[in-house]
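Following: one structure in structure tokens, then a few remarks.
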Amino acid sequence: MAPRYYTVTWDQLHRDGKALAWRLVERGPWTGMVAITRGGLIPAAIVARELDCRLIETVSVVTYDEEQRGHPQVVKPPQAALESQGEGWLLIDDLVDTGTTAKVVRAMLPKAHFATVYAKPAGKPTVDTFITEVSQDTWILFPWDTEPQFIAPIAKARGNGGGGQ
Ligand SMILES: O=P(O)(O)OC[C@H]1O[C@H](OP(=O)(O)OP(=O)(O)O)[C@H](O)[C@@H]1O
Ligand code: HPA
Ligand SMILES: [Mg+2]
């Protein structure tokens, strides 16, 4: 079955990122943040600004090639947070889908608080805090993966022409 799409604009991402920061500020203070690259980088920047957090580490896990899921590979470990096992650290990603990426990172930082902006049901048990849930068969389109384009008027797309003079 073709996936449904849920389009997220920059404005919406900023609003949802701030909503996440409101939840997380109550759980702090935080030693620092670990952004899961690349999707977690912009949500992490929004949350870091709101929480006045300046210590940002990254962890890189490659799981997907476009919409195809592969075997997760840790390309860069979250060095600064490893010794504490992530205690006091916020782990940020844009979304959890199957939870594959989350499980790999949580194994490295079992004491970190894991937060995402969006979550699908299969990945939900791996997240401590998230803002918006979408169904498992929905593909989230982020603003960095999309661009606005021309769309034909409804009447033309239906092939029933325009109104006459
Ligand atoms: O719960 P999962 O099924 O693991 O899917 C979620 C992960 O997939 C995407 O990252 P991706 O691997 O596409 O890399 P990217 O962040 O560099 O785009 C997304 O940013 C999450 O990190
Ligand atoms: O729904 C999604 N959107 C974008 N990237 C993703 N990576 C896993 N699931 C998704
Ligand atoms: Mg990612």
Side-chain angles (χ1 to χ4, degrees), residues 5-67 69-136 138-146:
Y5 289 102
Y6 178 75
T7 304
V8 177
T9 63
W10 286 111
D11 267 7
Q12 186 182 343
L13 186 83
H14 195 190
R15 262 197 308 276
D16 291 342
K18 283 180 81 162
L20 185 59
W22 274 106
R23 298 257 182 93
L24 296 172
V25 74
E26 289 163 13
R27 311 287 297 257
W30 304 100
T31 305
M33 290 173 39
V34 177
I36 304 179
T37 68
R38 297 159 302 178
L41 287 170
I42 288 167
I46 294 167
V47 171
R49 190 268 178 185
E50 299 306 327
L51 303 190
D52 202 18
C53 174
R54 287 164 195 273
L55 180 55
I56 320 280
E57 175 57 285
T58 57
V59 56
S60 177
V61 182
V62 178
T63 309
Y64 285 82
D65 178 14
E66 299 195 345
E67 294 182 29
R69 187 153 55 92
H71 190 72
Q73 290 188 25
V74 180
V75 175
K76 183 209 165 285
Q79 210 57 49
L82 285 178
E83 201 176 277
S84 66
Q85 297 190 307
E87 188 159 19
W89 287 74
L90 256 180
L91 189 54
I92 302 274
D93 208 350
D94 50 357
L95 83 147
V96 280
D97 186 323
T98 61
T100 307
T101 308
K103 281 180 198 137
V104 172
V105 178
R106 294 210 85 151
M108 288 186 271
L109 302 173
K111 297 184 178 168
H113 185 99
F114 183 40
T116 64
V117 188
Y118 305 103
K120 300 187 193 181
K124 233 168 66 168
T126 64
V127 197
D128 297 306
T129 306
F130 69 91
I131 296 301
T132 301
E133 181 170 353
V134 302
S135 66
Q136 200 64 43
T138 296
W139 189 262
I140 302 171
L141 287 173
F142 287 104
W144 50 83
D145 284 334
T146 57

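Just so it is clear, the values below take in all heavy atoms, side chains as well, and ignore hydrogens, waters and symmetry mates.
Across all non-hydrogen atoms, the minimal contact from S84 to A81 is OG-O, 3.2 Å. In terms of heavy-atom proximity, T129 sits nearest to R27 at OG1-NH1, 4.3 Å. The two residues V134 and P121 come nearest to each other via the heavy atoms O-CD, 3.3 Å. Nearest heavy-atom pair across A122 and P125 is O-CD, 3.6 Å. Nearest heavy atom pair, residue E50 against residue A21, reads CB-CB, 3.5 Å. Between T138 and S135, the shortest heavy-atom distance links the atoms OG1-OG, 2.8 Å.
Between L24 and L51 the shortest side-chain heavy-atom distance falls below 4.5 Å. The shortest side-chain heavy-atom distance between V104 and Q73 does not fall under the 4.5 Å cut-off. At least one side-chain heavy atom of L13 sits less than 4.5 Å from a side-chain heavy atom of I46. Two residues are said to be in side-chain contact when any heavy atoms from C-beta on lie closer than 4.5 Å; F130 and L20 fail this criterion. Residues L95 and V117 form no side-chain contact, since every pair of their non-hydrogen atoms from C-beta on lies 4.5 Å or further apart. Two residues are said to be in side-chain contact when any heavy atoms from C-beta on lie closer than 4.5 Å; V8 and P143 meet this criterion. Considering only heavy atoms from C-beta on, L91 comes within 4.5 Å of L109 through its side chain.
T9 contributes a side-chain N or O that, together with a main-chain N or O of Q12, makes up a donor-acceptor pair within less than 3.5 Å. The main-chain N or O of G17 is never found under 3.5 Å from a side-chain atom of W22 such that the two would form a donor-acceptor pair. Looking at E57, its side chain never comes within 3.5 Å of a backbone N or O of A35 through a donor-acceptor pair. When atom types are taken as modelled, the side chain of T146 and the backbone of F142 share a donor-acceptor pair closer than 3.5 angstrom.
In this view, D128 and R106, H113, F114 satisfy the side chain to side chain contact (heavy atoms under 4.5 Å, CB included) rule, not counting sequence neighbours. Residues satisfying the side-chain hydrogen bond (donor to acceptor under 3.5 Å, both in side chains) test with S60, not counting sequence neighbours, are T37.
Remark: T101 OG1 to D94 CG distance equals 9.0 Å, nearest 0.5 Å. Note that the CE atom of M33 and the CD1 atom of I56 stand 4.5 Å from one another [nearest 0.5 Å]. Rounded to the nearest 0.5 Å, atoms OG1 (T116) and CG (D97) are 11.0 Å apart.
Between the side chains of Y118 and D16, a donor-acceptor pair is found at a separation under 3.5 Å.
A salt bridge does not link E133 to K120: none of the charged side-chain nitrogens sits closer than 4.0 Å to a carboxylate oxygen.
Each of M108, Q79, K76 was scored for a side-chain contact (heavy atoms from CB on, under 4.5 Å) with V59, with one residue passing: M108.
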Derivation of the side chain to side chain contact (heavy atoms under 4.5 Å, CB included) call for V105 and I36: CA-CA 8 Å; V105 178; I36 304 179; 4.0 Å; yes
With side chain to side chain contact (heavy atoms under 4.5 Å, CB included) as the test, would you mind laying out the steps for R23 and I131 before giving the verdict? CA-CA 9 Å; R23 298 257 182 93; I131 296 301; 3.8 Å; yes
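Using cut-offs of 30° and 60° for the angle between ring planes, the W10 and W144 rings count as tilted.
Surrounding CD of E87 are at most 12 heavy atoms belonging to other residues, nucleotides or ligands under 6.0 Å away.
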